[in-house]
Amino acid sequence: MSTSPEITNSVILSTEMFIALSPILLLSFGIVLSLLLIAWRRSQKMIALFTQFILVITLLLTIHLLSGDILVGSGTQITTLLNVDRFSYLSFVLICISAFVVVSLSRSVLKSEVEVHDEYYLLILLVVLGAGILVVSDHFASLFLGFEVLSISLVGLVGYFREHEHAVETGFKYLILSATASSFMLLGIAFIYSQTGNLSFAVSSNVMPWSAQPLQIFNSVGILLLFSGIAFKLSLAPFHFWSPDIYQGSPTPITLLMATVSKVAMFTVLIKCCFSQNYFNNESFIEIITVVALLSMLVGNILALKQQNIKRLMAYSSIAHFGYLLIVLTVSSLQNTEFAWQGALFYLSAYLLANIAIFTVLLISEKHRDNMSGDRDIHIVDWHGMFWKNRLSAVLVIFSVLALAGIPLTMGFVGKFYLLNQAVIFKSWWLISGLVIGSGIGLAYYLPLIFALFKDEKTLENQVVDGSGVYLVTTGKQLFMFTLLISSLLFGIFPDLVSQFIYR
Amino acid sequence: MMLTFVILGLLLSGSLAWYSDDKPFFGVRFQAKWVALVAVIIFSLIFVFSVYLSPLNFQTLQTIAHVSWINSLNINYTLALDHLSITLIMLTLFLALICILVSWDEIQEKSGFYYFNLLATFAGIIGVFSAVDMFLFFFFWEVMLLPMTALIAIWGHEKRYFAAIKFFIFTQVSSLLMLVAIIAMAYIHQQQVGDLSFSYQDWLSLELNNELALYLMLGFFIAFAVKLPSVPFHSWLPDAHTQAPTAGSVLLAGVLLKTGAYGLIRFVIQLFPQASENFAPIAVTLGVVSILYGAKMAFAQTDFKRLVAYSSISHMGFVMLALFSFNEIAYQGVIVTIVAHGLSSAALFSLAGMIYQRIHSRNLTDMGGFWQSAPRMGGFGLAFAAAAFGLPGLANFVGEFLSLVGAYQVFPVMVILAAFGLIGSAIYGMVLFQKTFQGSSLKTVPDLSCRELIVSSSLLMLLVILGLYPNLLLQYFRGVIL
Amino acid sequence: MTDIPLAHVLILSSLLFTIGFVGVVVRKNTLFMLMSLEVMLNAVGVAFIGAGSVWQEADGQIMFMLILTLAAAEVAVGLALLIRMQRRYRTLDIDVLSKMKG
Amino acid sequence: MNLLASLPLYPLLSFLVLISFGKRLSWAVASWLSVGAMGLSALCSMLLVAQLSTSEVNVITSHLWQWFSVGSAKVNVSFYLDALSAVMILVVTGVGFLIHLFAAIYMKSDENFTRFMAYMNLFIVAMLVLVLADNLVLLYLGWEGVGLCSFLLIGFWYQEKNNVLAARKAFIVTRIGDTAMAIGLFLLFKSLSSLNIVEINQLAQTSETFSLSIANNEASDAYWAALLLLGGAVGKSAQLPLQTWLPDAMAGPTPVSALIHAATMVTAGVYLIARMNGVFIMAPEVMTYVAWLGAITLLLAGVAALAQTDIKRVLAYSTMSQIGYMMLALGAGAWSAGVFHLMTHAFFKALLFLTAGAVILALHHQQNLFKMGGLLKKLPFESALFFIGLACLVALPGTSGFFSKEAIIASLWLSPTAGASLWWCAILGALLTSIYSCRLFFLAFLGEQRFPKDLVISDHLETNHLLRGALVVLALLSLFGGLFTIDLSTVLPLSNESELSPGWLHAVAIITPFIGIAFSWFYFKRYRSRDIISLNESQSSWLVFCRNGLGFDVIYRFLLVKPYCFITQLNRRDLFDQLIMLSAWYVEIWRDVLSASQNGRLRWFAGTFGLSLVGLILVVIL
């Protein structure tokens, strides 16, 4: 239910604003076109190709806008709701890339079904649209709108394959919990609105009207509730309970979608909201951030320790990673928000790359096992000896796991280095020790995962993968995996390639 | 430039060895181990000649390569050499030869990947010894760990995964502390001098207040104390040694422990002279405790490799004691001990490997009386055990004697306690030698093959030469005032 | 303009919200969970209306309009899932849906 | 390469040849090589001594290369020959050559003969380096080398368990002494900042800080340095605290006991104290400790020798007591008397051991005295030689033992650091010596034949002229050794015989051996009477206590060995490792708790939402 702004008179939307917003407009136009396409001819291949086409066009347009000079400085304000600046469109680039990957991966998953799944692609486009709105939002209403578009379409996607045993359970859990979270967030927004009187992120101190005296308690509780809603979506520590089950229950491409698109969007909007409202000099907010960050670093890593199911393991590791990312928020003054943004974006791109790689290999081994009957989830034991059977995917997994663990030679390390830079500058010693202990515990489950690839016990007790174990991987997939490997290595050793693109 | 050439060359030849493992190549069945051997020989010759011929005076740090890497944080790829790193790199290259020869026919399956990991570790270690930009140092410090952990995890013995994980986590967590210290130092440099810099030479000129300097020094000290296993952080070493393949433990004991000592010399003593001066009493007690504790634990072991591992902890205790006594004689003792311990522990571990290949067990109880059937191995075993407990005439004695004489000037009581370590080392040296070679002979064991003979005799020859003429090494370290 | 102090409105909406929340946590039947979700959303609506009236702006009411649409969308999807659950598990008890553990 | 540098070279070369070729060499070639090398070095040492006596500066040095430098002090591999080391090299190479000759024949039947001779040569090299070293570090090298060779030779027949244990015990006990000496070295370097022996002796006298007793504690550097050097000497020469290893060292072949545990190695401690007299003079209290130590060891060893049943252990304890005499002499300041006794003792103790070896071989490895008896008739030649040895041991007038022991006893009465009481100990020791020698002689040679009649005496030792020649030379040396008046005045400080000690001292000293002989003639009548066939040693608890070395072994095992083993076994699994594993286990517990919280129930998830909100509010408020 996207509202297309062209109908209102043009004074609100000048051409320059129109250009600035063009990627998101193009996206929504694309959704409408795909609806028409479904109405015209229902063919699985057509809709998939069209969605990929739309995403590529949006991506190219955003990159063109970025390389241009429209988005310099604090960015253009489009109506009070949206504010487009460099960093939001940089994260939108990340979102489009991962959405494109999700769409191309799910083409092979959907092929095995019998009826046509065009609404699957539509929902993915809606998720991307929601993320797009979130990324550029500057107002609580647009935040709320983006949040809801994202969550509702994800609910549809999460329980997509009806005959999977956990489909209903996952759908229901996600629906109820995201509804609760959004209502908590709304309550928070209501409280903040009642105190400050304005819903937009831009700080304006209009005076309290005559009767009500300012109730400071509601303002800070409001901020807390707002943060809890966002924290739910980022699956940070105290609100992380939903993510393992949903990650495990939903189909793999959708898990990837959730792990990348929704989290990147939510984190960008969290940074935008914090920096524009300069919450960072609000002392209690920093305290909450530190507590939540520490909790998620420890809980995320500890929970993953003996986890055998790879999807749940990825869920826990993403909890931990967003715990690390929260360090970015503990900025001490306005002018080094620039540096915080760079650190966050670099770390997010490293995290994305690693997740995409692991989920691609996960999908391949799942597809291989599907035609072997039994659709049980992939466990670490299924990946035994993969290094000796198909080397490329094993090397890819090794490097992405190392990136997640933050070992040099990979992009993850440079990301962690930036975070540490941030933490050391602002002397947040608690977060540093949390980071050190967290990555120490993290190694205790990343390393067994890597060693499992090398184990080639001849006697596989639960014979899941057949003797040969050599997956037949289409050349397209191999090429894709090869590019992923090369890019993760290249960006790891020469991080300047990425950062000079961010730092302009 | 030649150093980068050596490092990259080792990596490339490792991948060549991996790629060309038993593939027919112009008719001859190419073997990874030959590729590795030839590569190491070539690169060590290149290194030796280029150092020998280079006009630079290596008394102080001479930068070899300087290329900008991450210019947003002013990090650049700078390598530098001085006498200390040259000696250690030469020790590494020599032990590289020994590792390849030792694992000649021990590694049968997946040997291509094995030699890749081996050469990659050597490249990482040479990088560690020569990196001067702290970020690059940390980069090599971690890169060196990956192939080493792979070596332990894939070709190790029964409990290899646990040992590999423990080894990795120990070093990783402690080096993260070092990373925090590095970043903090970089920012202090920014505050004091204006621009952000990670290069070691710039940091030498910083002056820090005492309390901050102590914390920073501790950050570095813990990372190197874990690597040079001093007592509280040593428990990864016995596990890593017992489970690693022979070449792995030769490499681990011979060189990886030396990176800890090198780090202490370069980045703790010279970077924070004042802070380490008032930290010295604690560090010296740590050193003495690890000498006595290592000797005591070594005596209690029944596993050959575990015993030798604990003995290296004891030997490294001498290094810690001598380093923190800030005495010029002790510093020379440290240099000789480092090289001597590198050779003698590498020798003992290759001996352990030879015995393991013959009786497929490391347990001292099922050894005994090998002197009867393998007199030459017995002779070498005696010489290496003698080196371990510091028999004069072999290199370890010179190192220990100089360290203790130097340290005595500053900490007399501590040195007397450390001297009990000499008795302790004699006891475990006896236990090690007598349980394997003397006593009633249970099994007959074939004597040394010619390959093993080359390995042992080259090691012994070096130990004797260094023992009787240590000036070969010490002339470079005259008058180096810490 | 009946001058109901802002605090009262906020406290009312918080109370209503907690009632809805407790409803979600305690009720075993999925239908009632959806209903208590509605209660929570409406409580937030009240808060917005109250805040809007204090600041003499229409923002609060616009937000309430948005919340209504949201509530409608959620209930629609919720009921669809409800029907699927009824057909699959023959019961509406929420604890049936807790197979994924650990 | 002048003569002095070549002295240790010959045995070293023969050692290298023997080791590298090992079993491929036949007996003849190996024995010729080793004995020949020894002969060459003996000849060379005689030439050197002759050269020394003619040269006016009475010191010969030869510098090989600079080993390393400790700060400003240069530690180099160079040899230094003066009167004292001349005596020592004569003893080492002379007696060593004769023992090598005997060993070549004695060990003929052993299959790793070459390894044995190689070790013997290596031992001689190490001993020569020890004696000729011009600085303490080179001396320490010789010192440890000698310790290693004694370990190898004691544990030569390493198949039996107790040989292995004896070798280990010898090495570790001497190693304790060596560590004490090493610490002494460090102290000497710290206070005198030089390691060269001659410099140290001069500096010790001149530098005032060295002997100045520091105000608070009265012990001065000299006191500690001397005490530590004494610790080293005590370890090597098997004196009181560290003497338990010598009796067990008899597990090695007899030539080894002769060479190492009688003539050369055990005297290294005496040599060290004599050589470092400069330091000891500056610490008179330590000199008295040395004297008292020597006296007590003297008495203990004498008592223990009385109760032994094995012929070699008797000789071992007698060596210990004779070295006690030397220590007593050095403690009393009679430096040259001590060294003189060292020389004569080397001759007759080597003679005693070799003849005992011949007797043991003749009786097919029978070492128990109570299984011998009546050998005078069976082995007249050996018994005569044994009698000569015992005569010198007991110091009957005219024998070399008499001259050296009298010199020591005479100088005790008046010496400042020793006194009358020590003189009486020396006399009592002489008495004990004569008693156990007679007991030994009666048991072994007089009395009834207690070994089985049909035992044919293996005679291949008898007919060997070379062997007999060697023994005869040794006998002559021990009889007339006393006549060589070695003039050590240039090296060692003169002891004060100036004022005369009371006349009757001399008489008492001469009579005591005869009193002892007379007493044992009647007391041990049973042993020498012809008609008693079976004799077995009495098992009275007191005698068994003495036989096991007066309980020192038991004490040490109880005080040191057991607790050390207990502690190591207690902490086998490495306390620190447990701590780390504890933290890993703690994380494990948290993992189980948290994964239980993931119970998959939707209502629980919603509930945690509210709970965590309340928690965070509390955090904000606190």
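Hydrogens, waters and symmetry mates are skipped; everything else that's a heavy atom, side chains included, is used. The sequence lines fix the lettering, A, B, ..., with proteins before strands; numbering per chain opens at 1.
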Measure the spacing between CG of A/Leu199 and CE of C/Met63 and express it to the nearest 0.5 Å.
6.0 Å
So which part of A/Lys306 gets closer than 4.5 Å to some heavy atom of chain C, the side chain, the backbone, both or neither?
neither
What distance do C/Leu6 atom CG and A/Phe191 atom CZ have between them, rounded to the nearest 0.5 Å?
9.5 Å
Counting only non-hydrogen atoms closer than 4.5 Å, does A/Leu186 touch chain C with its backbone (N, CA, C, O), its side chain (CB onward), both, or neither?
both
Without swapping roles, check the side chain of C/Trp55 against the backbone of A/Tyr193 for a donor-acceptor pair under 3.5 Å.
yes
Within the structure provided, determine whether A/Phe140 and C/Asp59 are in side-chain contact (heavy-atom separation under 4.5 Å).
no
Hey, could you give me the CZ/CZ distance between C/Arg84 and A/Phe172, rounded to the nearest 0.5 Å?
10.5 Å
Looking at C/Ile67, C/Leu41, C/Val24, which makes the most heavy-atom pairs under 4.5 Å with chain A?
C/Ile67
For C/Met100 and A/Thr170, work out which heavy atoms get closest and say how close.
CE-OG1, 3.8 Å
Could you please spell out the steps behind the side-chain contact (heavy atoms from CB on, under 4.5 Å) verdict for A/Phe144 and C/Leu70?
CA-CA 10 Å; A/Phe144 165 65; C/Leu70 158 72; 3.7 Å; yes
Flag side-chain contact, heavy atom, 4.5 Å: A/Gln195 against C/Leu10
yes
Roughly how far, to the nearest 0.5 Å, is OG of A/Ser151 from CD of C/Glu74?
8.0 Å
Which one wins on heavy-atom pair count under 4.5 Å against chain A: C/Leu82, C/Val9, C/Val96, C/Leu34?
C/Leu82
Top contributor to chain C interface from A/Gly159, A/Ala190, A/Gly171 [non-hydrogen pairs under 4.5 Å]:
A/Ala190
Restricting to non-hydrogen atoms, name the atom on C/Val44 and the atom on A/Ser183 that form the minimum distance, rounded to 0.1 Å.
CG2-O, 3.7 Å
Would you say the side-chain atoms of A/Glu169 pair up with the backbone N or O of C/Lys99, donor to acceptor, closer than 3.5 Å?
yes
Hey, which of C/Ala73, C/Ser13, C/Ser98, C/Ser36 has the most heavy atom pairs under 4.5 Å with chain A?
C/Ser98
Measure the spacing between CG of A/Leu175 and CG of C/Leu79 and express it to the nearest 0.5 Å.
9.5 Å
CG/C/Leu97 to NE2/A/His166 distance, rounded to the nearest 0.5 angstrom?
11.5 Å
Quick one: what part of C/Leu81 sits under 4.5 Å from any heavy atom of chain A, side chain, backbone, both or neither?
both
